[in-house]
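Some notes on the structure that comes next.
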Amino acid sequence: MSTQRVFVARLVGCTVFDPSGDRLGKVRDVVVIYRKDDPPRVVGLVVEIPGRRHVFLSIGRVTSIQTGQVITTGLINVRRFQQRGGEVRVMTELLGRRVYFADGSGEAVIEDVAIERNRLGEWDIGQLFLRKPKTSASPFAKGSTTFADWQDVREQQVPGEAQSAEQLVATYSELKAADLANTLLDLPDERLLEVAEELSDDRLADALEEMPEDDQVHILEALGEERAADILDQMEPDDAADVLAQLPEEQREELLELMEPEEAEDVRALLKYGPDTAGGLMTPEPIVLSADATVAEALALIRRHELHPALAAAVFVTLPPYETPTGRLLGTVHFQRMLRYPPHERLGAIIDDTADAVPATASAAEVARMLASYNLVSLPVVDQAHRLVGAVSVDDVLDYLLPEDWRSHDGDDAMPVEGGARR
């Protein structure tokens with residue numbers, strides 16, 4: 001096994017391979033346990049495997065840790081990782097913690113941790129990379145950095161106490177929304193709520209959209225009504241409506257009153273429909289243009305980075321007004337079709353008027369059949385007067401059709417499974 005020193009912040013994100021070179025997952029954290037007189041001992045890695053599930057990989061199953069990769073024996077227990085008493089996660093709980101130098105020379109904050117293999121073949125925490133307090137009043141100044149052995153510092157906190165939630169949020173800054181949601185749900189409940197408090201409204205809204213509804217409700221209720229309303233404002237209207245539909249009517253109305261009027265109006269419109277109908281699944285904010293709009297104008301709209309890919313696949317052409325509920329729906333122009341025409345071409349000349357719209361009262365099963373039958377990623381939703389009221393996309397239908405616990409469902413993974421206990 002490699003004896004080189006490995007810093008945890010660099011280890012996170014490295015690919016985990018089996019002896020044959022097949023990819024098993026990625027390292028997300030390192031798990032250690034505190035000891036009375038010796039540095040904390042490494043007991044394993046938290047590895048993210050396909051399905052965005054975090055599992056435990058015992059350090060005894062690791063045969064090599066090298067730059068950019070971890071080699072294992074190939075045996076991974078695919079049960080979801082659950083932190084045990086006495087265990088501390090380095091990235092989640094140790095980085096950002098304040099320590100004091102044993103010689104009385106001051107304090108510092110842990111910015112990285114090196115793990116090393118000792119003569120007995122065990123992995124321990126070796127050096128710490130520390131940052132001292134800044135000495136300049138400038139807001140851009142940073143304190144000096146230094147290295148120290150574990151024995152050279154002391155913690156004022158109780159061993160194992162977590163670092164500030166602010167520091168932990170910083171370590172999550174590069175995670176995609178789905179990965180952030182999965183990471184948050186792996187935290188103990190109290191810790192999850194602390195981190196949720198520190199996340200920005202839009203970042204937390206993105207993560208909540210990837211969580212089961214029960215967890216969404218739990219987090220929003222814990223944050224208080226005003227903060228919950230701010231987060232609901234940042235969520236997609238259909239996702240916000242799904243969350244509010246789980247709440248008692250009185251509480252739901254209070255949150256709607258606290259939301260921005262325009263956002264609340266969209267959500268109220270969705271709440272009128274059953275959750276298993278096209279109206280309940282749709283977003284009320286599709287791209288709507290007039291027949292006189294050009295291909296260039298349509299392409300400019302679908303380039304917006306905040307637009308969901310499924311909604312960017314097509315624009316809907318209607319009579320005025322052009323905000324839902326619009327005038328009568330004239331037809332759809334798909335993104336691929338726009339690419340075949342010059343930028344100055346009017347959308348009215350290239351409308352696909354053969355594509356069917358679905359009534360807002362259509363069942364989710366009917367919507368799924370239409371999407372599958374015509375190989376579409378979105379469908380226009382209309383009211384009885386054939387006015388466009390929204391669009392339902394394939395991801396909305398999948399969310400409805402999959403089991404409620406699909407985000408955390410273990411399923412069957414194509415990798416060796418070791419039986420028995422985690423260790």
Side-chain angles (χ1 to χ4, degrees), residues 177-178 180-181 184 196-289 301-312 315-316 318 320-327 360 378 380-383 387-393 395-397 399-400:
L180 175 60
L184 291 178
E197 287 277 7
E198 289 295 330
L199 286 168
S200 63
D201 292 345
D202 58 339
R203 185 75 165 135
L204 181 55
D206 290 342
L208 286 178
E209 289 175 356
E210 302 296 332
M211 293 183 184
E213 290 174 2
D214 288 347
D215 293 302
Q216 293 175 333
V217 171
H218 171 62
I219 292 172
L220 289 177
E221 288 182 335
L223 293 177
E225 289 187 345
E226 291 190 4
R227 178 81 196 282
D230 291 339
I231 294 166
L232 289 167
D233 282 333
Q234 298 295 325
M235 295 177 70
E236 292 294 328
D238 53 329
D239 289 305
D242 289 341
V243 177
L244 288 171
Q246 307 300 312
L247 301 176
E249 185 174 353
E250 182 178 346
Q251 186 179 1
R252 180 193 315 157
E253 192 57 36
E254 288 176 356
L255 287 171
L256 285 167
E257 289 294 332
L258 290 171
M259 291 175 64
E260 293 293 330
E262 290 186 3
E263 301 296 336
E265 183 180 355
D266 287 339
V267 175
R268 289 182 193 276
L270 294 173
L271 288 170
K272 296 177 183 177
Y273 303 103
D276 57 350
T277 65
L281 296 172
M282 71 181 181
T283 175
E285 299 174 342
I287 300 178
V288 183
L289 288 169
L301 285 176
I302 65 177
R303 285 193 190 103
R304 291 179 301 169
H305 72 277
E306 71 274 11
L307 193 64
H308 193 285
L311 293 179
V315 299
F316 303 105
T318 73
Y322 303 113
E323 292 186 2
T324 56
T326 68
S378 65
V381 181
V382 296
D383 61 13
R387 299 180 304 171
L388 184 70
V389 293
V392 60
S393 56
D395 61 304
D396 296 321
V397 177
D399 276 346
Y400 176 78

Taking all atoms of both residues into account, what is the closest heavy-atom pair of [X] and [Y], and its distance?
{"X": "Met259", "Y": "Ala229", "value": "CG-O, 3.9 Å"}
{"X": "Ala181", "Y": "Glu210", "value": "CB-CB, 3.7 Å"}
{"X": "Gly280", "Y": "Tyr273", "value": "N-CB, 3.5 Å"}
{"X": "Arg203", "Y": "Ala177", "value": "NH1-N, 4.3 Å"}
{"X": "Leu311", "Y": "Ala391", "value": "CD2-CB, 4.2 Å"}
{"X": "Thr318", "Y": "Gly327", "value": "CB-O, 3.8 Å"}

For the backbone of Glu236 and the side chain of Glu209, can you confirm whether one donor and one acceptor N or O come within less than 3.5 Å of each other?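 Pair found, side chain donor or acceptor close to backbone of Glu236.
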Side chain Thr324, main chain Pro284, donor-acceptor under 3.5 Å: yes
Derivation and outcome, side-chain contact (heavy atoms from CB on, under 4.5 Å), residues Asp215 and Leu184: CA-CA 10 Å; Asp215 293 302; Leu184 291 178; over 6 Å; no
Salt bridge Glu221-Arg252, side-chain N to carboxylate O under 4.0 Å: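 No.
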So, using salt bridge (Lys or Arg N to Asp or Glu O under 4.0 Å) as the criterion, who are the partners of Asp383 when residues are at least two apart? Arg387
Any [X] side-chain heavy atom under 4.5 Å of [Y] side chain:
{"X": "Met282", "Y": "Leu270", "value": "yes"}
{"X": "Leu271", "Y": "Leu256", "value": "yes"}
{"X": "Leu232", "Y": "Leu220", "value": "yes"}

Roughly how far apart are [X] [atom1] and [Y] [atom2], rounded to 0.5 Å?
{"X": "Glu197", "Y": "Ile219", "atom1": "CD", "atom2": "CD1", "answer": "11.0 Å"}
{"X": "Glu250", "Y": "Leu255", "atom1": "CD", "atom2": "CG", "answer": "11.0 Å"}
{"X": "Ile231", "Y": "Asp206", "atom1": "CD1", "atom2": "CG", "answer": "11.0 Å"}
{"X": "Gln246", "Y": "Gln251", "atom1": "CD", "atom2": "CD", "answer": "11.5 Å"}
{"X": "Asp201", "Y": "Asp233", "atom1": "CG", "atom2": "CG", "answer": "8.5 Å"}
{"X": "Leu204", "Y": "Gln216", "atom1": "CG", "atom2": "CD", "answer": "10.0 Å"}

Pair Val243, Val217 - check side-chain contact (heavy atoms from CB on, under 4.5 Å), show working. CA-CA 6 Å; Val243 177; Val217 171; 4.1 Å; yes
Other residues, nucleotides, ligands: >12 heavy atoms within 6.0 Å of Glu323 CD: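 Result for CD/Glu323: open.
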Quick check: are there more than 12 heavy atoms from other residues, nucleotides or ligands sitting under 6.0 Å from CD of Glu254?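 Atom CD in Glu254 is crowded, with more than 12 foreign heavy atoms closer than 6.0 Å.
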Pick from Leu281, Thr283, Asp238, Thr277: which one makes a side chain to side chain contact (heavy atoms under 4.5 Å, CB included) with Val392? Leu281
Show the numbers, then the answer: is there a side-chain contact (heavy atoms from CB on, under 4.5 Å) between Leu301 and Leu289? CA-CA 10 Å; Leu301 285 176; Leu289 288 169; 3.6 Å; yes
